[in-house]
Amino acid sequence: MSNSTPQKPLPFGYQFIAGAVAGVSEILVMYPLDVVKTRVYSTPASTAAAGEETYNGMLDCFRKIIRNEGASRLYRGISAPILMEAPKRATKFAANDSWGAFYRNLFGMEKQTQGLAVLTGATAGATESFVVVPFELVKIRLQDRASAGKYNGMVDVVKKIVQTEGPLALYNGLESTLWRHILWNAGYFGCIFQVRAQMPPVEPGNKSQQTRNDLIAGSIGGTAGTLVNTPMDVVKSRIQNSPKVPGQVPKYNWAWPAVGTVLKEEGFGALYKGFMPKVLRLGPGGGILLVVFTGVMDFFRTMRGE
C-alpha cells in the first residue's frame, strides 16, 4: 500500500491477525455511530405518517435511542460485527496486497500507481463482500428497531432467517454489498496512495511520523470512500432489512433500481441519509484501521527479523 516498491507480503496468518486487531479496535471505538447510521438509513419518510418514530439527524437519533431504549442499545448487535471484523479486515488488507501483486505482474509494473491502487482496492472490496454479507444481514436485523424485537441475539437471527426465508436469504443484499465495498475500497486505497505520495517521506525508524501519515491518509481515504459509496449503503440497508416473503417481490430488491426508487419517492437527499454518523465513523475509523494494521504488521516484521 505504499507508493514505493511494495514490501513482500507476510503469510496469511499474520495478515489475518493484523486485520483482526485493526478491525476490532475500530469497531469498539466507532460502533455506536454505526447503529445510528443504520437507524437513519432504514427509516423512510413514509414512517412519519404511520406514527412511527423518526429521527431528525444524528444527534436526535442518539438522544432518542438513549432516552427510549437505554445507552446499551447503542451496542446492540455488536457480536456480529466483532465476529465479522477478523475475516473482514483480514480479507480487505490481504486481498489488497495479493491483488496488487497480481495486477503489477499482469501489467508488468514494479511499483504501484494511482490507477492500480484504485483497481486493486475495488477488486479487494469485491472479494471482501462475499465474507461480510451474512454478518451484515444479522447486524442490520438486530440494529433496526422495527425488527430487533423479533430476535434474541445473533444465533436466533440466523435460525429464524433460515427457517422462514431459507438459507440463501443469508446472502440477501449480496449485489448491493458488492457495489458498496467496490466503491468504498477503491476510494479508500486510491486516496491512501495519493495522500502518501503528497506527504513528506517518513524518516527510517520514525514511528511518530509513520503514525501521523497513516492516520491522515487513512482518515482522508475513509472520508472519500464514504462520499462515493453512501447511496449504495443506504439501499443495501433497505434491501437487507426487507424479509423475503414467498410470492412477493420486495420493494427494495436490486441495488441500482433501489437507488432509483429512493430518488423517485424521497429525493436525492435520502441517498445521503445518515451520512454524518457514517463519515464520522469511517473517516477517523479508516485512520484507526490503517494505523493499527500497519503497526501490527511492522511488529510482525520486526519479530521475524525483516
Chemist: Between Lys278 and Asp233, is there a side-chain heavy-atom distance shorter than 4.5 Å?
Modeler: yes
Chemist: Is the shortest heavy-atom distance from the side chain of Met199 to the side chain of Arg212 under 4.5 Å?
Modeler: yes
Chemist: How far apart are the closest heavy atoms of Val133 and Leu170, and which atoms are they?
Modeler: CG1-O, 3.6 Å
Chemist: Please answer: with hydrophobic residues joined when any side-chain heavy atoms are less than 4.5 Å apart, are Trp179 and Phe275 in the same cluster?
Modeler: yes
Chemist: Leu271 vs Thr230, test: side-chain contact (heavy atoms from CB on, under 4.5 Å). Steps then yes/no.
Modeler: CA-CA 7 Å; Leu271 291 173; Thr230 292; over 6 Å; no
Chemist: I need the minimum non-hydrogen distance between Leu263 and Phe268, along with the two atoms involved.
Modeler: CD2-CA, 3.5 Å
Chemist: When clusters are formed from ILVMFWY side-chain contacts under 4.5 Å, directly or step by step, what else is grouped with Trp254?
Modeler: none
Chemist: Would Thr123 and Tyr103 count as having a side-chain donor-acceptor pair, cut-off 3.5 Å?
Modeler: yes
Chemist: Do the non-hydrogen side-chain atoms of Asn105 and Phe102 ever get within less than 4.5 Å of each other?
Modeler: no
Chemist: Checking Ser219 side chain against Ile216 main chain: does a donor-acceptor pair fall under 3.5 Å?
Modeler: no
Chemist: For Tyr272 and Thr226: C-alpha separation, side-chain torsions, deciding distance, then whether side-chain contact (heavy atoms from CB on, under 4.5 Å) applies.
Modeler: CA-CA 10 Å; Tyr272 278 86; Thr226 303; over 6 Å; no
Chemist: Can a salt bridge be assigned to the pair Glu26 and Lys92 using a cut-off of 4.0 Å between side-chain N and carboxylate O?
Modeler: no
Chemist: What residues form a salt bridge (charged side-chain N to carboxylate O under 4.0 Å, His left out) with Arg63, not counting sequence neighbours?
Modeler: Asp60
Chemist: Under 30°, 30 to 60°, or over 60°: which ring-plane class applies to Trp184 and Tyr188, parallel, tilted or perpendicular?
Modeler: parallel
Chemist: Just by modelled atom types, is the Phe193 backbone N or O under 3.5 Å from a matching donor or acceptor in the Gln114 side chain?
Modeler: no
Chemist: Side-chain contact, heavy-atom cut-off 4.5 Å: Arg304 with Pro11?
Modeler: yes
Chemist: Is it the case that one hydrophobic cluster holds both Trp99 and Phe189, taking links as side-chain heavy atoms less than 4.5 Å apart, direct or via other members?
Modeler: no
Chemist: State the CG-CD distance between Asn213 and Gln198, to the nearest 0.5 angstrom.
Modeler: 12.0 Å
Chemist: What pairs with Glu203 under side chain to side chain contact (heavy atoms under 4.5 Å, CB included), at least two apart in sequence or on another chain?
Modeler: Asn206, Gln209
Chemist: Can you name the nearest heavy-atom pair linking Ile239 to Asn253, along with the distance?
Modeler: CD1-O, 3.7 Å
Chemist: Mark yes or no for whether Tyr55, through its side chain, and Ile65, through its backbone, hold a donor-acceptor pair below 3.5 Å.
Modeler: no
Chemist: Carefully, step by step, assess Arg141 and Glu165 under the rule salt bridge (Lys or Arg N to Asp or Glu O under 4.0 Å).
Modeler: CA-CA 13 Å; Arg141 294 286 179 93; Glu165 303 172 51; 3.2 Å; yes
Chemist: Without hydrogens or angle criteria, can the side chains of Lys236 and Gln240 be said to hold a donor-acceptor pair below 3.5 Å?
Modeler: yes
Chemist: With a 4.5 Å heavy-atom cut-off, do Tyr252 and Val235 have their side chains touching?
Modeler: no
Chemist: Verify whether one side chain among Asn96 and Thr120 offers a donor that lies under 3.5 Å from an acceptor in the other.
Modeler: no
Chemist: The test is salt bridge (Lys or Arg N to Asp or Glu O under 4.0 Å); show your working for Arg180 and Glu136 and say whether it passes.
Modeler: CA-CA 12 Å; Arg180 185 186 78 156; Glu136 283 278 325; 3.3 Å; yes
Chemist: Grab the two heavy atoms, one from Thr177 and one from Ser129, that are nearest each other, plus how far apart they are.
Modeler: O-OG, 3.3 Å
Chemist: Nearest 0.5 Å, what's the CG-CD distance between Asp97 and Gln15?
Modeler: 5.0 Å
Chemist: What I'd like to find out is whether the side chain of Asp298 reaches to under 4.5 Å of the side chain of Lys207, using heavy atoms alone.
Modeler: yes
Chemist: Test of understanding: with salt bridge (charged side-chain N to carboxylate O under 4.0 Å, His left out), list the residues that count as partners of Lys160, not counting sequence neighbours.
Modeler: Asp156
Chemist: Which heavy atom of Val292 sits nearest to which heavy atom of Ser25, and what is that distance?
Modeler: CG1-OG, 4.2 Å
Chemist: Quick check for you: to the nearest 0.5 Å, what is the distance between Phe62 atom CZ and Arg67 atom CZ?
Modeler: 15.0 Å
Chemist: Is the shortest heavy-atom distance from the side chain of Val21 to the side chain of Phe293 under 4.5 Å?
Modeler: no
Chemist: Considering residues, nucleotides and ligands other than Tyr75, do more than 12 of their heavy atoms fall under 6.0 Å from its OH?
Modeler: yes
Chemist: Is it true that Arg39 and Glu69 have a side-chain N and a carboxylate O under 4.0 angstrom from each other?
Modeler: yes
Chemist: Met276: what forms a side chain to side chain contact (heavy atoms under 4.5 Å, CB included) with it, not counting sequence neighbours?
Modeler: Met58, Val279, Leu280
Chemist: Could you tell me which non-hydrogen atom of Gly125 sits nearest to which non-hydrogen atom of Asn185, and how far apart they are?
Modeler: CA-ND2, 3.3 Å
Chemist: Would you please test Tyr14 and Arg301 for side-chain contact (heavy atoms from CB on, under 4.5 Å) and show each step?
Modeler: CA-CA 9 Å; Tyr14 294 100; Arg301 286 193 168 94; over 6 Å; no
Chemist: Please report, to 0.1 Å, the donor-acceptor pairs under 3.5 Å made by any side chain of residues 27-36, with sequence neighbours excluded.
Modeler:
residue, atom, partner, partner atom, Å
Tyr31, OH, Arg76, O, 2.5
Tyr31, OH, Gly77, O, 3.3
Tyr31, OH, Ile78, N, 3.4
Tyr31, OH, Gln143, NE2, 3.0
Asp34, OD1, Lys37, NZ, 3.0
Asp34, OD1, Arg281, NH1, 3.1
Asp34, OD2, Lys139, NZ, 2.8
Asp34, OD2, Gln143, NE2, 3.2

